[in-house]
Every structure is written in C-alpha cells, then in structure tokens.
Amino acid sequence: MADEAKAKGNAAFSSGNYTAAIQHFTDAINLNPTNHVLYSNRSAAYASLNQFSDALTDALKTVDLKPDWSKGYSRLGAAHHGLKQYDDAVLAYKKGLEIDPTNESLKSGLKDAESARAASARSRAGGSNNNNNHLFGDAFGVDMWAKLTADPATRVYMQQPDFVNMMKDLQRNPNNLNLYLQDQRVMQALSVLLNVKMQTHAPGDDVEMPDSPSKERKRPADETEPVKEKKREPEPEAEASLEQEVESAMVTEEEREIKEKKAQAQKEKEAGIAAYKKKDFETAIAHYTKAIELDDADISFLTNRAAVYLEMGKYDECIKDCEKAVERGRELRSEYKMVARALTRKGTALVKLAKTSKDYEPAIETFQKALTEHRNPDTLKRLNDAERAKKELEQQEYYSPELGEKEREKGNGYFKEQKYPEAIKHYTEALRRNPKDAKAYSNRAACYTKLGAMPEGLKDAEKCIEIDPKFSKGYTRKGAIQFFMKEFDKALETYQEGLKHDPQNPELLEGVRSCVQQINRATRGDLTPDELKERQAKAMQDPEIQNILTDPVMAQVLKDLQENPKAAQDHMKNPSVMNKIQKLISAGIVQMR
C-alpha cells in the first residue's frame with residue numbers, strides 16, 4: 001500500500017500537481033514511516049511549492065534515516081538555499097559530495113549556493129548605492145523557476161535549454177542582464193519576475209522583422225531622415241530606389257505565395273477531417289500528407305495524421321508522426337497543449353502495442369511527459385489506466401500455483417523452527433504467486449499471532465474465510481485472535497459460524513467453551529477491578545458498542561433495568577434486545593446483580 005501511494009505521488013509530482021503529490025507521499029509515510037525516499041520525495045514537492053520550511057524538515061528527516069545517501073543532502077541544500085541560509089546550503093552540498101564526489105546535481109547546487117552567498121554578501125556591502133542591482137537580484141531569486149513555470153507566457157520556454165542556461169547565469173550573476181536584453185524571451189521572463197508589463201511578444205508569436213531595405217528603419221542622429229512630400233520630385237537616387245522596389249516586390253510575392261500555401265494546407269486539413277469522420281482513412285491520410293507538404297510549420301497536421309494511423313491500427317506510423325510533431329513543436333516553440341497532444345497520442349499507441357508489463361513502461365513515461373506540458377484530464381485517465389493494466393499484467397505474469405505451493409512449504413518449515421519473520425516472507429511470496437491460496441493466508445495469520453501483530457493476523461484470517469468459507473482453520477485463526485484481544489462475543493460468533501461448516505471440529509468446540517466461560521464471568525460479576533476497567537475501555541472503542549449505547553430504544557431499556565423491573569422483564573423477551581444487553585454485559589458496561 002505504501003508503494004502504491006508513493007507511485008501516485010510520483011505521478012502527481014511529474015504532472016506538476018505538487019499539492020496532491022504531498023498528500024500521496026504523506027499517506028505513504030503513514031504506512032511506512034522509516035522509508036527515507038518518501039521524506040525525500042515530499043521535501044522536493046514542498047520545495048516546488050516554495051514551502052521551504054516544510055521541505056527542510058523532511059530533508060533533515062531523510063538524512064537522519066539514511067546519513068550515507070547523497071540525494072538527502074541535495075534536498076537539504078535546496079531547502080536551506082530556498083530559506084536563504086546559504087552557509088548551511090553550502091555545507092549540505094559539500095557533505096553530499098563527500099559521499100558521492102561525482103554527483104552533478106550536488107556540484108551544480110553547491111555552485112549556485114556559493115554564487116548566491118557571494119551575491120548576498122555583495123548586496124549587503126553595496127547598501128543603498130546598489131538598489132537597482134538588488135532589485136534584479138531579488139527578481140532572479142530562488143522562486144524564479146516557480147514563477148516562470150506558473151506563468152503561461154514563459155512556461156513553454158522552460159523546455160528550451162538555451163533559455164534555461166541564460167536564466168541560470170542571471171540567477172548566479174544578475175549583472176549579466178545586459179548580455180541578454182536582445183532576447184525577447186528574457187525580456188518576457190523579466191516582465192513576469194518583476195510583475196510589470198513590457199513590450200514583448202507572447203510565446204509562439206512571430207517577431208516582426210524588416211522584409212526589405214525599403215521598409216522604415218531607425219537612422220543614426222547624424223543621418224538625415226528622408227521626408228516624403230507629395231508635391232516634391234524624387235531625389236536623383238532613382239536607380240537605388242528602383243532596385244529597392246524590385247526587391248520589395250519580390251519579397252511581397254514570396255509572402256503571398258507562403259500565405260496561399262498555408263491557406264491551401266488548411267483546406268487539405270479540413271478535407272482530411274471530413275474524410276476521417278466518414279471512416280475513409282486512406283483519403284484522410286492523403287489530405288493530411290498534402291497539408292504537411294504545403295506547410296510544415298503547423299504540427300496539427302502531423303498529430304491529426306497520427307490519429308488516423310492510430311484508428312487504422314498502424315501504431316508504428318502513429319508513433320513516428322507524434323515524435324516528429326514533438327520535435328518540430330520544440331523547434332517552432334508551438335503551444336504546449338499541442339506538444340502534450342502529440343505525446344498523449346504516442347502513449348496511446350504504445351499501450352496498443354504493449355504485450356508484457358514491461359511494454360507499458362515507455363507508455364507510462366510518455367503520458368507523464370505529456371502531463372508536464374499540459375495537465376489534461378484525458379491524459380491523466382490514460383496514465384492511470386496504463387498503470388493499472390501494467391500492475392494486473394505483472395500479477396498475471398507472476399502467477400504460478402506450483403511455485404506458490406513450494407513457497408508455502410518453505411514457510412511451514414520456518415514456522416516449525418519458530419522463525420516467524422522468515423516464514424511470513426515465504427507465505428507472502430506464496431500469495432504473490434497465488435492470491436487465492438486460503439492456506440497461505442491462514443498460515444501467515446498464525447505467524448502474525450505468534451509475533452503479537454493481531455490486526456494483521458485478523459485481516460489474513462478474514463481473507464482466508466472470504467476465499468474458502470468452508471475452511472475450518474480460518475475460523476479457528478480468527479476466533480483465537482479475537483479471544484486474545486478479549487473480544488469474547490465476537491470470538492464466540494466466529495466459532496459458531498465455523499461449526500456450521502464443521503460441527504464436530506474440536507478446536508471450534510473448545511473455542512466456544514472458552515468464550516462462554518469468559519462471558520459468564522462478566523455476567524456473574526467475577527471480573528477483577530482491573531479486568532473490568534480494561535474491558536470497559538476496550539468496549540468503548542468498539543463501533544458496535546457505541547451504536548448500542550447511542551440507540552434511543554436501548555437507552556430506555558437500560559433505564560428500565562435500573563428503575564422499572566417489570567418493564568425490564570418485558571424487554572428481556574425481545575431476542576434482539578437481549579442479545580444487545582448480553583453484549584453490554586460481556587463488555588463490562590452493564591453488570592447484573
């Protein structure tokens with residue numbers, strides 16, 4: 001169960017849903033509080049939400065549980081860095097590098113922490129004379145990546161390595177800003193980080209560039225600006241102007257041709273959609289192929305053709321088109337939703353090709369990548385379906401009753417030697433091989449009972465009865481655990497249920513006798529004060545006892561038992577009421593005198 005919660009946390013983290021990831025990792029920690037990886041993962045999720053205090057707490061727990069694990073110090077360094085505790089961050093990264101000297105993540109973290117510490121020192125030394133640099137230093141602070149990822153205008157840039165490298169350089173040294181002012185992406189990022197509007201182009205927009213020398217351009221101050229006058233004759237530069245006009249006309253003709261091709265490509269796309277709806281897939285493929293030839297700057301033609309291939313069962317062709325769409329989309333800085341669509345379609349084709357549980361792994365990875373581009377409910381559902389199918393196929397591939405029986409026999413050998421943890425290991429493996437083996441559940445329940453793990457033993461005994469209701473051992477295991485937990489009424493019911501299937505079973509008959517003896521002790525008032533107190537405290541935690549005590553009818557019955565003996569005798573004639581009173585007596589709540 002802890003592994004399942006961890007897997008859900010990893011998937012949520014990969015899709016950018018850090019709040020859900022934290023909840024899943026917390027569930028996993030509650031189930032397995034000594035697993036250092038779970039604290040490490042939750043620390044990363046907290047850091048992604050800029051909750052660095054919580055990230056630090058989990059990072060400290062990670063290194064406490066696993067002091068020789070280098071990644072724990074990477075988490076610790078990141079949390080200290082986020083809290084601007086640069087000295088502590090440097091120490092954490094250095095400690096990690098002592099364990100793993102070649103770790104690139106630790107090296108990069110150390111370099112960033114040392115740069116941030118130096119920048120902080122310069123900022124303090126500069127004082128009021130460095131206000132402008134301090135402004136930009138804050139802009140490129142530790143929360144920079146979260147802001148850029150959260151804003152739709154800059155999120156697409158995070159997939160572009162050159163942009164990421166520029167921002168890393170600015171984070172280390174904001175004074176290098178002048179080197180990148182000509183890059184529209186940096187200007188857009190700066191507007192997001194400073195929360196101001198600048199004249200930049202949105203992601204995916206075409207930047208307007210001069211088409212020819214005839215267009216207006218900015219001239220130096222010492223160069224005369226040409227003034228257009230309607231009545232004035234052209235200056236004696238007619239030859240140069242004519243050359244410019246010819247060049248301009250050529251460019252305009254080229255632009256017109258491009259626009260015509262784009263328009264024709266859209267018509268081919270519409271024809272492809274119409275053919276697809278009619279299930280005329282070959283015609284649809286032909287139209288989309290023509291659209292791609294006319295305009296290779298629109299990846300929707302590729303993703304649409306991939307959808308047709310997917311419908312036709314040509315999964316390899318579908319995957320090729322999707323991969324090309326992703327690659328081309330990165331080059332063109334296409335909208336992230338389009339890239340996510342291509343990845344989702346590729347993942348769907350990979351699922352169709354999957355024959356073994358291992359085959360699902362690339363599909364799951366592809367869906368996770370799609371979710372990092374755009375969190376689409378359909379993609380998330382496909383991811384969950386793929387993970388479920390992989391798990392079911394793993395169980396089918398692992399299923400082997402013959403090997404399961406061998407593992408159970410090994411467990412029996414260890415049980416006889418009173419090596420209960422080793423026996424549990426083999427019984428568990430037997431159940432992985434054959435989840436319907438009632439005997440393995442029964443035997444593991446016995447091991448848990450010997451080790452005092454009563455809740456686990458009770459769960460196994462109930463599973464044993466669920467699989468084989470006629471298997472007497474299941475009832476004796478369950479009854480013995482309930483008896484040990486001093487739930488004598490429940491144990492009696494279990495033994496009696498078992499006797500319905502095996503009336504002469506000596507263990508079940510002995511169980512009934514022991515339960516009746518304990519119940520009669522309570523009825524006679526023979527319990528010691530300590531026994532009575534313990535039994536009452538346990539009963540008050542039992543939902544069944546709580547329901548009886550909160551029942552208005554039973555409240556009146558209990559009142560009559562104290563104040564109205566005649567009415568109490570009438571109540572005793574009701575089997576249901578009498579049964580509930582007996583439960584209260586056995587629990588020590590009601591005492592008869």
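Along the sequence shown, residues carry numbers from 1. This structure is a prediction, so every number in the text was calculated from the model and none was measured.
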Distance-only side-chain donor-acceptor flag, [X] / [Y], under 3.5 Å:
X    : Y    : result
T344 : T379 : yes
T154 : Q188 : no
Y427 : N412 : yes
R477 : S442 : yes
R444 : T428 : yes

Using a strict 4.0 Å threshold on nitrogen-to-oxygen distance, state whether D385 and K381 make a salt bridge.
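Yes, this pair counts.
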Inspect the contact between E327 and R330 and indicate whether a charged nitrogen and a carboxylate oxygen are less than 4.0 angstrom apart.
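Salt bridge: no.
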Can you confirm whether E429 sits close enough to R433 that some side-chain heavy atom of one is under 4.5 Å from a side-chain heavy atom of the other?
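With C-beta onward as the side chain, the pair touches.
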Quick one, E456 with K459, criterion salt bridge (charged side-chain N to carboxylate O under 4.0 Å, His left out). Give me CA distance, side-chain angles, the key distance, then yes/no.
CA-CA 5 Å; E456 291 84 354; K459 185 177 178 181; over 6 Å; no
Spacing of OG belonging to S105 relative to CZ belonging to R75, to within rounding of 0.5 Å:
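S105 OG to R75 CZ: 8.0 Å, rounded to 0.5 Å.
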Would you confirm whether the ring centroid of [Y] sits within less than 6.0 angstrom of the ring centroid of [X]?
X    : Y    : result
Y414 : Y420 : no
Y18  : F13  : yes
H80  : Y86  : no

How about NZ on K390, more than 12 heavy atoms from neighbouring residues, nucleotides or ligands closer than 6.0 Å, or not?
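Counting neighbours around NZ of K390, more than 12 heavy atoms of other residues, nucleotides or ligands fall under 6.0 Å, so yes.
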E405, CD atom: more than 12 neighbouring heavy atoms under 6.0 Å:
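Check fails, neighbour count at 12 or below.
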The test is side-chain hydrogen bond (donor to acceptor under 3.5 Å, both in side chains); show your working for T356 and D359 and say whether it passes.
CA-CA 5 Å; T356 68; D359 293 339; 3.3 Å; yes
Answer yes or no: is there a donor N or O on one side and an acceptor on the other, between the side chain of Y93 and the main chain of A78, under 3.5 Å?
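Between the backbone of A78 and the side chain of Y93 there is a qualifying donor-acceptor contact (under 3.5 Å).
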Which of these, K346, K314, R345, R305, sits in a side chain to side chain donor-acceptor pair (under 3.5 Å) with D321?
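Answer after filtering K346, K314, R345, R305: R305.
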